[in-house]
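The structure under discussion appears below in the form of structure tokens.
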Amino acid sequence: MREVWPGLKPLTVFSDGRIAWIGPVRGFQMSYKVSVVWNPAKTIPPLVFVRQPTIAPRPGTGWIDIPHMLYDPESPEVSALCLFDPEQNEWHSSMWISDTIVPWASEWLHHYELWHFDGVWRGANAPGPISIGAGMNRPEKELQNVQGA
């Protein structure tokens, strides 16, 4: 990680084996402070969280409408980014996080900035709805009344 992403510093190694890096990753026009968290002892892929500036829904929409999020209903503002389709085995533990997860996070942030501008998600989509809100098949009028968390 240090050679490819020198700005991502090891934050800590937790007692349960989790490793975390924190630092800047660039989107389209902005740099974001992210944390990448992984537990190599578990089968769960690494997770990326945007710390600063926090991501937010577009005006008139809610957190559930942000595309490609691993939505946390308890704390939506700290939901992880959905970077790949786990059903397609696009990432596995033999891959370098620095060559896959971090560049995918940068690409996600690029698409997020453009989506925030005009509401169109230009990134690749896994099968299924683009967001939790889209999967609920809510009427357009209801979407306009969604409150952010």
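Along the sequence shown, residues carry numbers from 1.
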Residue pair Trp104, Phe84: steps toward the ring pair (Phe, Tyr, Trp, His ring centres under 6.0 Å) verdict: CA-CA 8 Å; Trp104 294 342; Phe84 60 93; 5.6 Å; yes
Rounded to the nearest 0.5 Å, how far does CG of Leu83 lie from CG of Leu47? 8.5 Å
Which distance, rounded to the nearest 0.5 Å, do you find between the CG of Leu109 and the CZ of Phe28? 13.0 Å
Provide the closest heavy-atom pair for Ala80 versus Phe49 in the form atom of the first, atom of the second, distance. CB-CE2, 3.6 Å
Spacing of CD belonging to Glu90 relative to CG belonging to Asp85, to within rounding of 0.5 Å: 5.0 Å
Considering non-hydrogen atoms only, spot the tightest contact between Pro24 and Gly7 and give its length. CD-O, 3.4 Å
For Ser79 versus Asp72, what's the shortest heavy-atom pair and its separation? OG-N, 2.8 Å
For residues His68 and Trp108, establish whether the separation of their ring centroids is below 6.0 Å. no
Linked, directly or transitively: Trp63 and Tyr32 (ILVMFWY side chains, under 4.5 Å): yes
Taking every heavy atom of Arg58 against every heavy atom of His116, the minimum-distance pair comes out as NE-O, 3.2 Å
What's the shortest heavy-atom distance between Leu8 and Gly23, and which atoms? CD2-N, 3.4 Å
To the closest 0.5 Å, what do you measure between CZ (Arg122) and NE2 (His111)? 9.5 Å
